[in-house]
Amino acid sequence: MSAESSETKKVVRVGTRKSQLAMIQTNSVVASLKKLCDDVDFEIISMSTTGDKILDTALSKIGEKSLFTKELEKALEDGRVDFVVHSLKDLQSTLPPNMVIGAVLEREDPYDAVLMHPKHATKHLSDLPENSVIGTSSVRRVAQLKRKYPHLKFESVRGNLNTRLRKLDEDEVYSALVLAAAGVKRMDWESRISQTLLPDECLYAVGQGALAVEVRANDSDTLDLVSKLNHEETLLRCVAERALLRELEAGCSTPVAVYTEIKDKELYLTGAVLSLDGSECLKETMQTSLSDTQTQEDSSSEAHQHYVSVVAQTISHQAMQAAEDIGIDMAKLLISKGAGDILAVARQQNAGGEKK
Ligand code: DPM
C-alpha cells in the first residue's frame, strides 16, 4: 500500500480504562477488527474512572452507578472516542439513552476462580483452616460462598488485578482471592488458579467473561464496523442475563447470580437472588426456544431494535426477543417468591454499611 493511501485511512478512536486487563481486552478487540477491515486505523485513548480512583471503599458502598464506565461514556458522548471496550459485566443493564452495545464478543470462561496464597497453593477452599480470610469485594460471591464454606471469612479487596495479586502474595492478610477466571486467563495467570467454582457452589455475574463494545446509538458507521465482532450465542445468553438484572432493578453490587446455556436451539437460564449473608437464596431455572420461524421481510422492519441496550442487526429478532423475555419472566418468577424484599434489605445494608 502506498504512503498516500494510508494517510487517507479513516481513524477510529477507541476508549478504554488504563488497567493492564482493560488494555489487554481493548488491544484484542482492535486486533480482531484490524483483521476484518484493513481500511481503518485505530487510535487507543485510555483513561481512569471513578472506580479506579477510589480504592479505599468497598465497591458496593460507593453507591454511585456506572463506577467503571462513566468517564468513558462522557468521552463517547462528546465524540472524543468512537467506541469503548468494556467487560460486559461492568456495564449497567440500562445505558444512557444515546448509547448502545454494538457488539458482544465470544465469552471467555464465565466462572469464578480461586487463587491461593502460595503457602496454600495445592489446597481448595474446603481445606483452608477455620476463619481464613478470602479477598473479594463481590457481594454475589460472598453470599454464595458463605453458604458453601461457613468456616471462612470474607473481606473486601480493591484495586486492579495486579494490585490484588500483590496484596494476596505480600500482605499475609488473605489466604485466597476469588476472581473471574476470564480476567485471570486474559492476564496469563491461569497457572495461579487452584480451583474453579462451578455452578453448584457459585453462579456467575450477569455478563461475566464477555467483552462488549459501546457505541453512540446514532453512529451507524461504527455500529456497522463493530457488529462484525458479534458472537451470537454469547450475545443471546447475555441479553437474557441483562434482562433479568434490569427487571429486578438490581445492579452490579447486589447479590444476583446467573448461569446460562444454549443447547439444541433452547436457551436455559438459571437466576438466583441471595441475602448478603447467604442465609436466603432463591434459585430458579427456565428455558425458551430460540428457533426462528420469522420471515426475512418481517424482521427487516425492526432493524434498529435494541434488547437491553444490545443492537445486533444480523441476529434474528425473534431469538433476541425470546432471550429478553426469558430474563423478564425469570425476574417476575423470582419476585413472586420474595426476591424484591431480599434485594431491598441487601440495598439497605449496603448503604448503611461501614467503610472498608
Ligand atoms: C463487577 C463485579 C466485579 C467486577 C461484581 C461481581 C468483581 C469485584 C471484585 C460487576 N465487576 O462479579 O459480583 O472482585 O471484588 C470486574 C472483573 C472483570 C470485569 C474482575 C473480576 C474481569 C472479568 C470479565 C470487576 N469486571 O471479577 O475478577 O471480563 O468478566
Side-chain angles (χ1 to χ4, degrees), residues 16-17 19-26 28-29 49-52 54-62 64-69 72 84-93 101 104-115 133-146 154-165 167-168 174 176-190 192-193 196-197 202-213 234 237-238 241-242 245 250-260 272-274 276 278 346 350 356:
T16 176
R17 290 171 57 200
S19 71
Q20 189 187 351
L21 177 63
M23 292 302 300
I24 289 171
Q25 295 181 165
T26 302
S28 82
V29 169
T49 65
T50 310
D52 298 309
I54 306 179
L55 292 173
D56 57 349
T57 307
L59 275 185
S60 56
K61 302 200 170 97
I62 300 176
E64 195 184 323
K65 289 183 176 175
S66 11
L67 273 183
F68 290 106
T69 58
L72 291 159
V84 178
V85 177
H86 301 279
S87 280
L88 180 57
K89 84 163 169 173
D90 293 330
L91 274 181
Q92 302 243 196
S93 57
I101 296 172
V104 177
L105 285 82
E106 183 169 5
R107 198 170 215 167
E108 237 301 354
D109 184 338
Y111 299 115
D112 291 302
V114 179
L115 281 68
V133 175
I134 311 304
T136 176
S137 312
S138 157
V139 292
R140 171 187 62 82
R141 291 176 186 142
V142 174
Q144 294 184 89
L145 294 175
K146 276 188 172 168
F154 296 87
E155 277 186 25
S156 171
V157 54
R158 290 289 324 281
N160 63 41
L161 289 187
N162 310 67
T163 310
R164 289 182 194 206
L165 193 65
K167 286 181 177 172
L168 171 68
Y174 307 102
L177 299 179
V178 184
L179 297 171
V184 174
K185 290 183 176 180
R186 291 185 192 120
M187 294 288 278
D188 245 341
W189 296 343
E190 198 172 347
R192 288 295 306 260
I193 296 178
T196 297
L197 298 171
C202 191
L203 300 175
Y204 42 84
V206 165
Q208 184 160 311
L211 299 181
V213 178
T234 303
R237 289 169 61 189
C238 291
E241 295 171 17
R242 285 173 56 79
L245 198 65
C252 61
S253 50
T254 39
V256 173
V258 294
Y259 170 82
T260 50
V273 170
L274 294 104
L276 291 182
N350 265 338
K356 260 265 156 78

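Residue indices begin at 1 and follow the sequence shown. Note that ligands are numbered from 1 as they come in the structure, with each ligand's atoms numbered from 1 the same way. Quick caveat, the model's predicted, so the values are computed rather than measured.
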What atoms in ligand 1 come closer than 4.0 Å to a heavy atom of Ser137? 9 (C), 15 (O)
Provide the number and element of each atom of ligand 1 under 4.0 Å from a heavy atom of Arg164. 9 (C), 14 (O), 15 (O)
Taking only non-hydrogen atoms of Gln208 and a 4.0 Å limit, the atoms of ligand 1 in range are 12 (O), 30 (O)
Atom 27 (O) of ligand 1: of Arg17, Arg186, Lys89, the nearest heavy atom sits on Lys89
Say whether Gly209, considering both its backbone and side-chain N or O atoms, lies within less than 3.5 Å of an N or O atom on ligand 1. yes
Derivation and outcome, side chain to side chain contact (heavy atoms under 4.5 Å, CB included), residues Thr136 and Val142: CA-CA 7 Å; Thr136 176; Val142 174; 3.7 Å; yes
Side chain to side chain contact (heavy atoms under 4.5 Å, CB included) for Phe154 and Val139? Distances and angles first, verdict last. CA-CA 10 Å; Phe154 296 87; Val139 292; over 6 Å; no
Ligand 1 to Asp90, heavy atom cutoff 4.0 Å, flagged ligand atoms 1 (C), 4 (C), 10 (C), 11 (N), 16 (C), 19 (C), 25 (C), 26 (N)
Write down the atom of Ser28, the atom of Gln25, and the distance for their closest heavy-atom approach. OG-O, 2.9 Å
Give a yes/no verdict on whether any heavy atom in Gln25 is under 4.0 Å from an atom of ligand 1. yes
Return yes or no for this condition: an N or O of Val178 is under 3.5 Å from an N or O of ligand 1. no
I need the Leu274 CG to Gln144 CD distance, nearest 0.5 Å. 5.5 Å
Contacting atoms of ligand 1, where contact means under 4.0 angstrom from a heavy atom of Leu179: 28 (O)
His86 side, atom NE2; Ile101 side, atom CD1 - distance, nearest 0.5 Å: 8.0 Å
So for Arg141 against ligand 1, with non-hydrogen atoms under 4.0 Å, the contacting part is side chain
Under 4.0 Å to a heavy atom of Ala180 - the qualifying atoms of ligand 1, by number: 21 (C), 23 (C), 27 (O), 28 (O)
Could you state the interatomic distance from OH (Tyr174) to CZ (Arg164), rounded to the nearest 0.5 Å? 9.0 Å
Would you kindly specify which portion of Gln144 sits under 4.0 Å from ligand 1, judged on non-hydrogen atoms: side chain, backbone, both or neither? neither
Looking only at heavy atoms of Arg158, does any of them come nearer than 4.0 Å to an atom of ligand 1? no
Distance from Leu145 atom CG to Ile134 atom CD1, nearest 0.5 Å? 8.5 Å
Subset of ligand 1 atoms that lie under 4.0 Å from at least one heavy atom of Arg140: 6 (C), 12 (O), 13 (O)
Set of ring-ring contact (aromatic ring centres under 6.0 Å, His included) partners for Tyr111, sequence neighbours left out: Tyr204
Nearest 0.5 Å please: distance from the CD atom of Gln208 over to the CG atom of Asp112. 4.5 Å
Suppose I only count heavy atoms of Ala205 and a 4.0 Å limit; which atoms of ligand 1 are within that range? 12 (O)
Working to the nearest 0.5 Å, report the span between CG of Asp109 and OG1 of Thr196. 6.0 Å
